[in-house]
Amino acid sequence: LTEAALIDNGGFTTDTVTGLDWLDMYHTDGNSYNQTLNAISGGGSLDGWRFATSAEFDGLINAAVGSSYTQVGFDAMILSQMTTLVNYLGSTYAPGEESAYVVGYVDSSGLSNADARQFGWTTYLGEEAGYVRRASNTGFDAGKGATNSLVGAFLVRATAVPDTGSTAALLGAGVVALAFARRRLG
């Protein structure tokens, strides 16, 4: 992917630019918005994750494509990037080798219906192309209790920052300073 902003970690993908981890779709594929909300709330099976906002979804697409691409439609220029992103997150629907796409709910708090986004790649009118669109344009939007085997949820969390050894180095320096102080006093 452009600028190596995305890292596939197996069960989730890290966007190094935004500092967000994106949960792979197989964790929520087929769940309603409400089922996913229960799983991320109050010690559920996906505790620590939350629904991505639509702006965060746009940021993921921009990281994958390498430029601003938020319009509805098909574009052959983004095919390889969208194929890579589908492979990272996992397709919610793959009818065969001709297309694969990912559909997922984003944060819909305050809305009566679930708000979903869709991206993927397909053979469209004889030409392969990547695409991004609101799922309401494709008939996947529904009430928050509705389930659809082709829809998951875009869930994110802040990327855990690994300890690069600074804590151990600081602790070691403290021990050395204590030993030196004891030696001077003793």
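If you read the sequence from its start, that first residue is 1, and numbering goes on from there.
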* **Results of side-chain contact (heavy atoms from CB on, under 4.5 Å) for Thr18 - residues two or more places apart only** => Asp15, Leu20
* Structure fact -> Nearest heavy-atom contact between Gly90 and Val102 is O-CG2, 3.4 Å
* Structure fact -> Correct closest heavy-atom pair for Gly30 and Gln35 would be O-OE1, 4.1 Å
* Indicate yes or no for a side-chain donor-acceptor contact from Ser108 to the backbone of Val106 under 3.5 Å, with no hydrogens or angles considered. => yes
* **Of all pairs that satisfy salt bridge (Lys or Arg N to Asp or Glu O under 4.0 Å), the ones with a partner from residues 109-120, not counting sequence neighbours** => Asp115-Arg117, Asp115-Arg134
* To do: Check whether any side-chain heavy atom of Lys144 sits under 4.5 Å from a side-chain heavy atom of Asn113, and report yes or no.
  => no
* At their closest point, which heavy atom of Val86 faces which heavy atom of Gly120, and how far apart are they? -> CG2-CA, 3.8 Å
* Any Tyr101 side-chain heavy atom under 4.5 Å of Met82 side chain -> no
* **Minimum heavy-atom distance between Met25 and Val103, given as atom pair plus value** => CE-O, 3.4 Å
* Asked: In Å and rounded to the nearest 0.5 Å, what is the OG1 to CG distance from Thr14 to Leu6?
  -> 9.0 Å
* To do: Can you tell me which residue pairs pass the ring-ring contact (aromatic ring centres under 6.0 Å, His included) test with a partner in residues 19-49, sequence neighbours excluded?
  => Tyr33-Phe51
* Asked: Can you name the residues that form a side-chain hydrogen bond (donor to acceptor under 3.5 Å, both in side chains) with Asp107, not counting sequence neighbours?
  -> Ser109
* Structure fact -> One should read off an interatomic distance between Tyr131 OH and Ile61 CD1, to the nearest 0.5 angstrom, of 11.0 Å
* **Side chain Ser32, main chain Thr147, donor-acceptor under 3.5 Å** => no
* Asked: Could you give the distance from CG (Asn148) to OG1 (Thr92), rounded to the nearest 0.5 Å?
  -> 8.5 Å
* Structure fact -> Between Val17 and Ala5, the two heavy atoms sitting closest are CG2-CB, 3.6 Å
* To do: First locate atom CG of Asp21, then atom OG1 of Thr16, and finally report the distance between them rounded to the nearest 0.5 Å.
  => 11.0 Å
* Taking the side chain as every heavy atom from C-beta outward, state whether Leu89 and Phe119 have any atom pair closer than 4.5 Å. => yes
* Structure fact -> So the salt bridge (Lys or Arg N to Asp or Glu O under 4.0 Å) pairs with at least one residue in residues 36-53 (sequence neighbours excluded) are Arg50-Glu56
* Pairwise distance CG(Asp24) to CG(Asn87) - rounded to 0.5 angstrom -> 11.0 Å
* Asked: Which pair of heavy atoms, one from Trp121 and one from Leu79, lies closest together, and at what distance?
  -> CB-CD1, 3.3 Å
* 4.5 Å side-chain heavy-atom contact, Asp75 and Ile78 -> yes
* Atom pair CD1/CG of Ile40 and Leu46 - distance to nearest 0.5 Å -> 8.0 Å
* **Donor-acceptor pair, side chain of Ser91 and main chain of Tyr93, under 3.5 angstrom** => yes
* Asked: Applying salt bridge (Lys or Arg N to Asp or Glu O under 4.0 Å), which residue pairs with at least one partner in residues 28-40 are found, sequence neighbours left out?
  -> none
* Asked: Is there side-chain contact between Asn31 and Val151, with at least one heavy-atom pair below 4.5 Å?
  -> no
* Taking the side chain as C-beta and beyond, is there a heavy-atom pair between Asp8 and Thr13 under 4.5 Å? -> yes
* Hey, are the side chains of Leu60 and Asn62 touching, using non-hydrogen atoms and a 4.5 Å cut-off? -> no
